[in-house]
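Read the structure below first, then the notes.
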Amino acid sequence: MSSLSRPSLIVFDLDGTLIDSSVDLCNSINAALAHFNKSPLPEPVIASYIGDGASMLVRRALGDPEGDVHDEEYVTEVLTYFLDYYRIHKLDFTYVYPGILSSLETIRAAWPETLMAVLTNKPVNPSRDICDHFGLSRFFFQNYGGNSFHTKKPDPHGLQTLIAEASAISGQTIAPAETLMVGDSHVDILTARNAGARSIGCTFGLAPQSLATIQPDALAHTPTDWLTILGINR
């Protein structure tokens, strides 16, 4: 699909969509593994674990995604160490993808009435801190993280909440079909589908291989492609 009609709300994932945080996440996971006398993991392996929240990232790094090997207290200890380390080191190597700021500026200039927000499975405080640091927060009326609700993506609750909040701000009901979810993994595409929204899959992100398992409405190979898909750049 070459283009999508103008949305009333655009919701962006964070890691792998707006920012490349893989090195800092990898270093933080390996710092936690070292602290608990575990062997380090290669960055591509850890990057493949990103997308379902901090707890699942730690479980996967421990080789225990189903919770069959370690008790909850141990996992919580590792998770706490990881989060404490990441809180300090989250901006060591993380950067905004080239073209993100200019693309967001172009969307804002072309469609000033279209609301934008962030919905990530990363914990909300690091997400907001990172967006503040890089000057991204000014584009978004809201930034929700993986601990903002009782469920995470691909559960549609977070996206549905943003649709309701955007409707209240705009003074008119925004339908799910008027909402666009932009993300780099199948988690984001499923979130859109579960809410009845449309989606753009970002192949430049951390989990492009997962987009092959579920078809988004459009694929973007660079952030500038968003503008072409949306019909802003023709």
Indicate if [X] and [Y] have the same hydrophobic cluster label, given that clusters are the connected sets of ILVMFWY residues with side-chain heavy-atom separations under 4.5 angstrom.
X      : Y      : result
Leu104 : Leu9   : no
Leu115 : Leu18  : no
Val23  : Tyr86  : no
Leu159 : Met116 : no
Ile200 : Ile232 : yes

Answer whether the closest heavy-atom distance between the side chains of [X] and [Y] falls below 4.5 Å.
X      : Y      : answer
Ser22  : Phe93  : no
Leu227 : Ile107 : yes
Ile19  : Leu136 : yes
Ser185 : Leu206 : no
Tyr85  : Lys90  : no
Phe140 : Leu162 : no
Ile130 : Ser21  : no
Ile46  : Asn30  : yes

Closest approach of [X] and [Y], non-hydrogen atoms and distance?
X      : Y      : value
Cys131 : Leu14  : SG-CD1, 3.8 Å
Ser102 : Gly99  : OG-O, 3.2 Å
Val78  : Phe36  : CA-CE1, 3.7 Å
Leu119 : Gly158 : CD2-C, 3.9 Å
Pro223 : Ser103 : O-OG, 3.3 Å
Leu230 : Trp111 : O-CH2, 3.4 Å

>> Consider side chain to side chain contact (heavy atoms under 4.5 Å, CB included). Of Val187, Leu57, Ile50, Asn147, which one does Asn121 pass it with?
In response: Val187

> Going through the distances and angles, do Thr106 and Trp226 end up as a side chain to side chain contact (heavy atoms under 4.5 Å, CB included)?
Replying inline: CA-CA 10 Å; Thr106 301; Trp226 301 341; over 6 Å; no

Is there a donor-acceptor pair under 3.5 Å between the side chain of [X] and the backbone N or O of [Y]?
X      : Y      : value
Thr17  : Asp184 : yes
Asn143 : Gly145 : no
Arg198 : Ala177 : yes
Ser199 : Pro216 : no
Thr213 : Ser210 : yes

> How are the rings of His157 and His150 set relative to one another: parallel (under 30°), tilted (30 to 60°) or perpendicular (over 60°)?
Replying inline: tilted

>> Please verify the inter-ring angle class for Tyr81 with His35; under 30° counts as parallel, over 60° as perpendicular, anything in between as tilted.
In response: parallel

So, taking the atom named [atom1] in [X] and the one named [atom2] in [Y], what distance separates them when rounded to the nearest 0.5 Å?
X      : Y      : atom1 : atom2 : result
Phe204 : Tyr97  : CZ    : OH    : 6.5 Å
Phe82  : Thr80  : CZ    : OG1   : 11.0 Å
Asp92  : Ser28  : CG    : OG    : 7.5 Å
Asn125 : Leu83  : CG    : CG    : 10.5 Å
Ile189 : Asp217 : CD1   : CG    : 8.0 Å
Arg193 : His186 : CZ    : NE2   : 11.5 Å

> Could Asp188 and Lys153 be called an ion pair, given the rule that one side-chain N must be under 4.0 Å from one carboxylate O?
Replying inline: yes

> Can you list the residues that meet the ring pair (Phe, Tyr, Trp, His ring centres under 6.0 Å) rule with Phe134, with sequence neighbours excluded?
Replying inline: none

>> Please determine whether side chain to side chain contact (heavy atoms under 4.5 Å, CB included) holds for the pair Gln160 and Phe149, giving the CA-CA distance in whole Å, both sets of side-chain angles, and the decisive distance to 0.1 Å.
In response: CA-CA 11 Å; Gln160 291 166 340; Phe149 307 102; over 6 Å; no

>> So, applying salt bridge (charged side-chain N to carboxylate O under 4.0 Å, His left out) with Lys122, which one of Asp15, Asp24, Asp13 is it?
In response: Asp15

> Can Ser48 and Arg60 be counted as having a side-chain donor-acceptor contact under 3.5 angstrom?
Replying inline: no

